[in-house]
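Report on one structure; see the data block that follows.
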Amino acid sequence: MMKSSELRQSFLSYFESKQHQIVESSSLVPGNDPTLLFTNAGMVQFKDVFLGEDIRPYSRATTSQRCVRAGGKHNDLENVGYTARHHTFFEMLGNFSFGDYFKKDAIHYAWEFLTVVLKLPTEKLLVTVYAEDDEAFDIWNKDIGLPVEKIIRIGDNKGGRYQSDNFWAMGDTGPCGPCSEVFYDHGEHIWGGPPGSPEEDGDRFIEIWNVVFMQFNRSADGTMAPLPKPSVDTGMGLERIAAILQGVHSNYEIDLFQNLIKAAAQVVGTQDLSAQSLRVIADHIRSCSFMIVDGVIPSNEGRGYVLRRIIRRAIRHGNKLGQKGVFFHKLVDALDSEMGEAYPELTKLKERVASILLKEEEQFAKTLDQGMKILEEAISELGDQKIIPGETVFKLYDTYGFPADLTNDVARENDLEIDEAGFAVAMDAQRARARSASNFSMDMSSGVKLDSVTEFTGYENLDGACVVEMILVD
Ligand code: ATP
Ligand code: MG
Ligand code: MG
Ligand code: MG
């Protein structure tokens, strides 16, 4: 059985043998990109190289990049615990060509790595290409020898939750281009259909590798300018390919996750290893710890607020399994055992990570129980109603520190929804009150001290759209 760590090494070595420079994973906090909340793909650290604004001493690179998708264009927070394949934090294995090779070699490398190095059975693989990309279609069909029924043409995303989209973009602006993706068929016993079919949201056919032919730079007005040189950017989820090699279906069944889930069960004090909440906690300890390693600290705005929201979700899931005391920070050691070798910065900072998590746990513990009681009461009073009123969501947020997405998480478990519009109205009203209070304070002569000041901060709401949030600080 191939361990995740061996797989990571095997990938890097293969591409090194093809003259690729092995480059370290960059930070989860993008170095020079205010358009992006977190590094969400391997190409992020090479964005300027694709744009021709940064020149490297190599034209081929390979990485194992730590990624977070918990906000912005790529947001998988709501998928965690519900699908077999999504995490908030994952590792993306990638190979890159900066104006060097293009479609033909990129496809050949991907196929050789999967079928010769990893020895995946070819009959379980199928691929997608961008609808108009005859060149990629022909490479798969004529050069690789894949039968036409295994090559699916997909256009732009027409909506839907996970709908395939064979035009990849890092965000609303930046490098982008048509792509070709490799899928693995986990078998008839799992619900789901091939990409492009109405049942593709299922987890039978799991996307493992995205090979992007970087050709354009999209600007804010939507126009696409050609890149200086056609390039290649690929990304394969380490956890997804590990699952295949370890003969399991879900990412959460691989070695690394099983160990984290066992550790989580122990600190939470439960015997039921199949509990959905344990998967969520195991996922969240990775994203939260690595965000802190990369310098993010819990706060009420921007990246720090994403971190705080994920920590609070994890704590709520522990609480749901009956753990009323602090537990989350205790998982840092288990995480370090799994990932410290690949990421020595985690080992170096693990005490700091644990102490920041502990502080957050202690702070939220004060209001979590009370807030949950209020939420449960509100739910029991709903009767036939399926929507938790915005006022309740706001009260939980404002008084008990429940981010709206946390309340929504509880709602979903009860087949309910939250009134997002009503929540926004309550938020606006509070904002207006605060604004008049702060105008008032500006009119006051010096020497008068208000007991609280108000800050306005933007953060990503449930849909990733930007809403204004107001926080009272003393
Ligand atoms: P999906 O359709 O399954 O959500 P995606 O199309 O959003 O995946 P890409 O943006 O193409 O993913 O990223 C490249 C690869 O990274 C994917 O093929 C997959 O192997 C991996 N990947 C993407 N998102 C996640 C995630 N949330 N957790 C784990 N692996 C992921
Ligand atoms: Mg996705
Ligand atoms: Mg996809
Ligand atoms: Mg994809």
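Counting starts at 1 for both ligands and their atoms, following the listed order.
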(request) Could you check which of Arg69, Glu181, Arg85 puts a non-hydrogen atom nearest to atom 12 (O) of ligand 1? (result) Arg69
(message) The test is salt bridge (charged side-chain N to carboxylate O under 4.0 Å, His left out); show your working for Asp105 and Lys18 and say whether it passes.
(response) CA-CA 10 Å; Asp105 288 326; Lys18 308 286 177 195; over 6 Å; no
(request) May I ask you to identify, for His87, whether its side chain, its backbone, both or neither come under 4.0 Å of ligand 1 on a heavy-atom basis? (result) both
(message) Here's one to test your reading of the geometry: is the NZ or CZ of Arg60 within 45 degrees of the ring axis of Tyr101 and under 6.0 Å from its centre?
(response) no
(message) A cation-pi test, strictly: NZ or CZ of Arg56 under 6.0 Å from the centre of the six-membered ring of Phe96 and no more than 45 degrees from its axis. Yes or no?
(response) no
(request) Give the numbers and elements of all ligand 1 atoms closer than 4.0 Å to a heavy atom of Asn210. (result) 11 (O), 14 (C)
(message) Between His87 and Phe257, is the ring-ring contact (aromatic ring centres under 6.0 Å, His included) condition met? List the steps.
(response) CA-CA 11 Å; His87 308 297; Phe257 265 102; 4.6 Å; yes
(request) Run the numbers for me: atoms of ligand 1, each under 4.0 Å from some heavy atom of Gly237, listed by number. (result) 16 (O), 19 (C), 20 (O), 21 (C)
(message) Is it the case that ligand 1 has an N or O less than 3.5 angstrom from some N or O of His74?
(response) no
(message) Is there a side-chain contact between Gln9 and Ser64 in this structure, where contact means two heavy atoms from C-beta onward sitting under 4.5 Å apart?
(response) no
(message) For Ile208, which part has a heavy atom under 4.0 Å from ligand 1: side chain, backbone, both, or neither?
(response) backbone
(message) For a salt bridge (charged side-chain N to carboxylate O under 4.0 Å, His left out) check, start with the C-alpha distance between Lys386 and Glu417, then their side-chain angles and the critical distance, and finish with the verdict.
(response) CA-CA 6 Å; Lys386 286 278 171 204; Glu417 284 171 33; over 6 Å; no
(message) Looking at non-hydrogen atoms alone, which of Glu239, Gln65, His86 comes nearest to atom 4 (O) of ligand 1?
(response) His86
(request) Report, in ascending order of atom number, the atoms of ligand 1 lying under 4.0 Å from any heavy atom of Met92. (result) 13 (O), 14 (C), 16 (O)
(message) Looking at Lys229, I want to see if its NZ is surrounded by more than 12 non-hydrogen atoms of other residues, nucleotides or ligands under 6.0 Å.
(response) no
(request) Mind checking the CD-CD spacing from Glu338 to Glu341? Nearest 0.5 Å is all I need. (result) 10.5 Å
(message) Before we go on, tell me: are the rings of Phe15 and Phe11 under 6.0 Å apart, centre to centre?
(response) yes
(message) Below 30° counts as parallel, above 60° as perpendicular, anything between as tilted: where do the rings of Phe98 and Tyr58 land?
(response) tilted
(request) Decide whether the shortest distance between a heavy atom of Trp168 and an atom of ligand 1 is less than 4.0 Å. (result) yes
(request) Check the Mg ion (ligand 4) and write out every protein N, O or S atom at under 2.8 Å, as residue and atom. (result) Glu181 OE2, Glu207 OE2
(request) Select one of side chain, backbone, both or neither to describe which atoms of Glu207 lie under 4.0 Å from any atom of ligand 1, heavy atoms only. (result) both
(message) Let's go through Arg352 and Glu345 carefully: what are the C-alpha distance in whole Å and the side-chain angles of both, what is the deciding distance for salt bridge (charged side-chain N to carboxylate O under 4.0 Å, His left out) to 0.1 Å, and is it a yes or a no?
(response) CA-CA 11 Å; Arg352 178 179 153 79; Glu345 51 274 61; over 6 Å; no
